[in-house]
Asker: 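What follows is a single structure, and I will ask about it in a moment.
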Amino acid sequence: MPIYEYRCGHCGHEFEEIRSSKDEDCEVVCPSCGEKKAQKKLSLFGSGPSRDGGAACSSSSPFT
């Protein structure tokens with residue numbers, strides 16, 4: 001199951017929660033204040049530099 005990152009719109013607390021894909025859009029309660037105003041954050045998992053210096057998205061192939 002994926003891990004989602006959230007930020008509470010009421011108290012600002014940031015937390016992670018493991019949720020199934022079918023529950024992705026269900027209401028999320030903040031574990032700090034109990035409010036139901038948590039919003040999913042943009043996750044940047046796996047967005048680091050590639051091993052080839054960033055050429056992974058290049059449209060030209062070095063083998064042509």
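Just so it is clear, the model here is predicted, and its values are computed rather than measured.
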Asker: Given the rule in the side-chain contact (heavy atoms from CB on, under 4.5 Å) test, do Lys36 and Glu27 qualify, once you have shown the distances and angles that lead to the verdict?
Answerer: CA-CA 7 Å; Lys36 298 176 183 177; Glu27 199 169 68; 3.0 Å; yes
Asker: Please report the closest heavy-atom contact between Ala38 and Val28, naming both atoms and the distance.
Answerer: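 In terms of heavy atoms, the two residues are closest at CB-O, 3.6 Å.
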Asker: What donor-acceptor contacts under 3.5 angstrom involve side-chain atoms of residues 11-19, with partners at least two apart or in another chain?
Answerer:
unit_1 : atom_1 : unit_2 : atom_2 : d
Glu14  : OE1    : Lys41  : NZ     : 3.0
Glu17  : OE2    : Arg19  : NH1    : 2.9
Arg19  : NE     : Asp23  : O      : 3.2
Arg19  : NH2    : Asp23  : O      : 2.7
Arg19  : NH2    : Cys26  : O      : 3.4

